[in-house]
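Data first, discussion second: the structure below is written as structure tokens.
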Amino acid sequence: MPNIKPISDLRNYSNVVKEVSYGNPVYLTKNGHGTIAMISMEELDDLNRQVALLKFKYEMEKAEKSVREEGTVPAEDLYKELGI
């Protein structure tokens, strides 16, 4: 069950923070509308790693599609273009 609190509960900041744990965010509302979500730093780090991994997978899929559709450049041409 989501942990939803009015933003006014932040007056007792330490009590609200105690309720935040991995997989258990606290959602703060203002005038009945969601405004802020508080999550643990460990969970934030994990989410950032997952986003980075998804971006990497997406770029790899684009590269693989490009190789399939457009082919590759011979090594000699690449060396010539790079001046090696």
Side-chain angles (χ1 to χ4, degrees):
M1 182 169 198
N3 192 351
I4 302 171
K5 299 188 168 301
I7 203 160
S8 61
D9 278 11
L10 281 180
R11 288 186 199 121
N12 300 314
Y13 178 76
S14 58
N15 290 336
V16 174
V17 170
K18 287 178 189 175
E19 296 183 37
V20 176
S21 62
Y22 193 98
N24 185 38
V26 173
Y27 301 100
L28 300 173
T29 63
K30 184 175 182 180
N31 298 324
H33 299 283
T35 359
I36 298 171
M38 297 174 68
I39 63 173
S40 72
M41 291 299 292
E42 182 183 4
E43 188 169 1
L44 178 62
D45 290 343
D46 285 350
L47 289 171
N48 286 334
R49 276 192 288 276
Q50 289 175 6
V51 167
L53 181 59
L54 288 172
K55 286 180 180 178
F56 176 75
K57 286 181 177 181
Y58 172 74
E59 292 300 324
M60 289 299 295
E61 288 173 7
K62 277 184 14 183
E64 288 174 353
K65 181 180 177 190
S66 173
V67 168
R68 279 193 310 272
E69 292 176 358
E70 300 172 24
T72 58
V73 175
E76 299 80 32
D77 293 348
L78 179 62
Y79 291 146
K80 185 186 285 185
E81 187 176 325
L82 295 174
I84 299 175

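Values reported hereafter were calculated over all heavy atoms of this structure, with side chains retained and with hydrogens, waters and symmetry mates removed.
Listed by chain and residue number, L44 satisfy the side chain to side chain contact (heavy atoms under 4.5 Å, CB included) test with N48 (two or more places apart in sequence, or in another chain). In this view, D9 satisfies the salt bridge (charged side-chain N to carboxylate O under 4.0 Å, His left out) rule with no residue, not counting sequence neighbours. Residues satisfying the salt bridge (charged side-chain N to carboxylate O under 4.0 Å, His left out) criterion with E19, sequence neighbours excluded, are K5. For S8, the side chain to side chain contact (heavy atoms under 4.5 Å, CB included) partners at least two apart in sequence or on another chain are P6, R11. By the side chain to side chain contact (heavy atoms under 4.5 Å, CB included) test, E43 is found to be paired with Y22, I39, S40, L47, residues two or more places apart in sequence or in another chain being considered. In this view, K30 and I7, T35 satisfy the side chain to side chain contact (heavy atoms under 4.5 Å, CB included) rule, not counting sequence neighbours.
Distance CG/N15 to NZ/K18: 5.5 Å, rounded to 0.5 Å.
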Side chains of residues 50-73: which donor-acceptor partners sit under 3.5 Å, not counting sequence neighbours?
none

Let me check something: any side-chain donor-acceptor pairs from residues 76-84 under 3.5 Å, sequence neighbours excluded? List them with distances.
none

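Apart from Y27 itself, the hydrophobic cluster it occupies contains I4, where clustering links Ile, Leu, Val, Met, Phe, Trp and Tyr at side-chain heavy-atom distances under 4.5 Å.
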